[in-house]
Amino acid sequence: MPPEISDLGIALNALKEFRKYSISSHHERFIFPFLCGSYFTYRKVDVERITSLAKAISKDPTYLDVGCGYGDFLEKIIQYLPNAEGIEKSADIFFKLGRYKPDYIKIGDAYNGIEKKYDLIFVGWMEPGVDYRDKIAASTDVIITTLDQGLSLAVEFEGHGFEKIASWITPSWDDINTEITNKYYSKISNRTIEFLKQLRGAHNLWYVYSKPKYKDIIKETLRKCLKYEGQREIHTYEFEDVLDDAGYGYLESIKTSNEEYLLWNIDFS
Ligand SMILES: C[S@@+](CC[C@H](N)C(=O)[O-])C[C@H]1O[C@@H](n2cnc3c(N)ncnc32)[C@H](O)[C@@H]1O
């Protein structure tokens with residue numbers, strides 16, 4: 001998971017092998033999240049929510065993605081916020097695999113501090129044990145994090161003068177991986193697949209934190225986003241078909257043994 005360079009080489013070989021029998025080019029981002037996608041699953045509505053928040057906070061927003069990896073999510077954000085940047089600790093993930101590093105991704109360690117203040121900082125799925133909340137809290141008034149339920153808890157900012165304003169739930173890459181691997185790349189019977197589907201859960205949590213002065217504008221903006229999403233045919237990325245097919249639709253209900261929730265629905269704290 002945290003990318004050891006030797007692991008990445010192994011993963012790249014496995015990806016090449018997978019491509020020989022893969023039945024959809026959109027599956028790989030959920031099976032090889034670090035190389036081809038992201039650890040948290042997102043739709044275009046997530047990108048639009050986050051960029052709408054940045055624009056509500058500032059006319060010309062500055063945005064930083066901390067630990068952005070190859071920048072799969074960041075490149076979507078840049079379509080809306082052309083000045084968005086990322087910081088990534090490992091230069092090796094680019095150079096040793098011969099991958100292009102765009103200028104908007106700076107190589108640096110967030111533990112050494114973040115150079116300037118940003119209108120919004122995003123931390124997408126940090127591995128367990130990594131904790132640079134002090135540095136992030138010192139560099140912005142608005143933080144959006146995603147974390148895997150029960151895993152990367154070091155992205156909760158209540159103790160740093162921030163309030164949790166809103167949250168929503170999406171699947172993690174692993175939730176989708178399980179569904180598509182069972183359905184398309186295993187010999188499990190359809191009956192068993194249907195049974196297993198009932199056990200599905202979504203494990204990626206999105207939290208929006210801010211200093212008190214931004215609370216109202218954040219709530220107002222997210223309420224507008226939800227309303228807008230409900231009033232039109234929502235914009236989507238092609239790979240979102242995989243989410244629909246796997247039973248993780250927009251506003252789809254997920255029932256587990258102890259709770260029920262609607263995916264992507266925004267909960268205001
Ligand atoms: C689990 S990956 C997640 C990548 C991407 N955010 C995603 O969700 O798919 C975590 C990334 O954070 C980077 N990282 C870990 N510690 C870091 C630090 N102190 N400063 C900057 N990046 C860091 C790792 O090198 C890795 O690329």
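Computed from a predicted model, the values in this text were never measured in an experiment. Side-chain atoms are counted along with the backbone in the values below, which use heavy atoms only and exclude waters and symmetry mates. All residue numbers in this chain count up from 1 along the given sequence.
- Ring orientation note: the planes of F18 and F32 are tilted relative to one another, at an angle of 30° to 60°.
- A donor-acceptor pair shorter than 3.5 Å can be found between the side chains of N177 and T181.
- Within 6.0 Å of atom NZ in K106, more than 12 heavy atoms from other residues, nucleotides or ligands are found, so the atom counts as buried in its surroundings.
- Counting non-hydrogen atoms of other residues, nucleotides and ligands closer than 6.0 Å to CZ of F195 gives a total of 12 or fewer.
- With hydrogens and angles left out, the side-chain atoms of Y118 and D65 include no donor and acceptor closer than 3.5 Å.
- With hydrogens and angles ignored, the 3.5 Å screen pairs a side-chain donor or acceptor of Y261 with a backbone N or O of A202.
- Side chain to side chain, H26 and D241 fail the donor-acceptor criterion of an N or O pair below 3.5 Å.
- Ring pair H235/Y228 is perpendicular by interplanar angle, where above 60° counts as perpendicular and below 30° as parallel.
- In summary, the side chains of T145 and W206 do not present any donor paired with an acceptor at a separation below 3.5 Å, with no hydrogens or angles considered.
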With ring-ring contact (aromatic ring centres under 6.0 Å, His included) as the criterion, how do F162 and Y209 come out once you've worked through the C-alpha distance, each side chain's angles and the decisive distance to 0.1 Å? CA-CA 6 Å; F162 285 75; Y209 289 96; 7.0 Å; no
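- Side-chain atoms of T51 do not come within 3.5 Å of backbone N or O of Y80 as any donor-acceptor pair.
- When each of Y42, F40, Y39 is checked for a side chain to side chain contact (heavy atoms under 4.5 Å, CB included) with T146, only F40 meets the rule.
- Ion pairing between D175 and R200 fails under the 4.0 Å rule for side-chain N and carboxylate O.
- Between S253 and E260, the side chains place a donor N or O and an acceptor N or O closer than 3.5 Å (distance only, hydrogens not considered).
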